[in-house]
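Each ligand, and each atom within it, is numbered from 1 in the order the structure gives. Here the structure is a predicted model, which means the values were calculated and not measured.
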Amino acid sequence: MKIAIGSDHAAPEMKAQLIAHLQARGIEITDMGAFPQDEGKYEYPVIGYRTAKAVASGQFDAGVLVCGTGVGISLAANKVKGIRACVCSEPYTARLSKEHNNANIIAIGARVVGAEMAKAIVDAWLDAEFMGGRHARRVDLINEIDATGGLSNES
Ligand code: RB5
């Protein structure tokens with residue numbers, strides 16, 4: 001499995017801890033920045049967009065994003081077609097974000113949860129499987145909005 005991971009200036013330590021954790025699970029990780037040479041100035045929309053584009057292109061199976069709250073970086077990622085980025089602060093939501101929403105990016109707030117909780121969140125998401133069925137119908141509706149800007153059954 002290949003995962004792209006990115007963080008803004010608020011979360012380099014948590015990103016490093018998650019990289020080590022994911023590598024220990026045998027996952028191939030690519031760091032999408034921000035990098036030390038960015039001198040802490042890389043903004044979350046840049047990293048969210050860069051990571052989401054790489055996931056949407058099929059280059060990676062999934063993505064992990066970290067900023068202060070997880071909110072800004074997920075908002076940027078969700079602007080990329082085909083991306084379903086979910087902010088999670090605990091493992092239950094993380095599991096359901098895959099089972100029900102087929103989230104292909106998980107976003108975490110480094111100022112919201114600690115490193116051990118972040119690892120548990122990522123594990124719950126990775127260990128879960130999309131359930132399909134009625135959930136597929138709903139995700140298809142999200143995909144329709146994503147692809148066309150609307151829903152054919154809604155005026
Ligand atoms: C940066 O201070 C902070 O706004 C950012 O990391 C993130 O929390 C935005 O949603």
Filter the ligand 1-protein atom pairs down to N or O on both sides and distance under 3.5 Å, then list them.
from: ligand 1; atom 1: 2 (O); to: R111; atom 2: NH1; distance (Å): 3.2
from: ligand 1; atom 1: 6 (O); to: D8; atom 2: OD2; distance (Å): 2.6
from: ligand 1; atom 1: 6 (O); to: G68; atom 2: N; distance (Å): 2.8
from: ligand 1; atom 1: 8 (O); to: G68; atom 2: N; distance (Å): 3.2
from: ligand 1; atom 1: 8 (O); to: T69; atom 2: N; distance (Å): 2.9
from: ligand 1; atom 1: 8 (O); to: T69; atom 2: OG1; distance (Å): 3.2
from: ligand 1; atom 1: 10 (O); to: T69; atom 2: OG1; distance (Å): 3.3
from: ligand 1; atom 1: 10 (O); to: G72; atom 2: N; distance (Å): 2.8

### Message
Membership question, hydrophobic clusters at under 4.5 Å side-chain separation (ILVMFWY): are L18 and I47 in the same one?
### Response
no
### Message
Quick one, D127 and R25 - any side-chain contact, counting heavy atoms below 4.5 Å?
### Response
yes
### Query
Among all residues two or more places apart in sequence or in another chain, which pass the salt bridge (charged side-chain N to carboxylate O under 4.0 Å, His left out) test with K119?
E116
### Query
Is it true that a side-chain atom of W125 and a backbone atom of V64 form a donor plus acceptor pair closer than 3.5 Å?
no
### Message
I'd like to know if the side chain of N104 reaches the main chain of R84, judged simply by a donor and an acceptor atom lying under 3.5 Å from each other, with no hydrogens or angles considered.
### Response
yes
### Query
Would K2 and T30 count as a side chain to side chain contact (heavy atoms under 4.5 Å, CB included) if you check the C-alpha gap in whole Å, the side-chain angles of each, and the deciding distance to 0.1 Å?
CA-CA 8 Å; K2 291 184 185 176; T30 299; over 6 Å; no
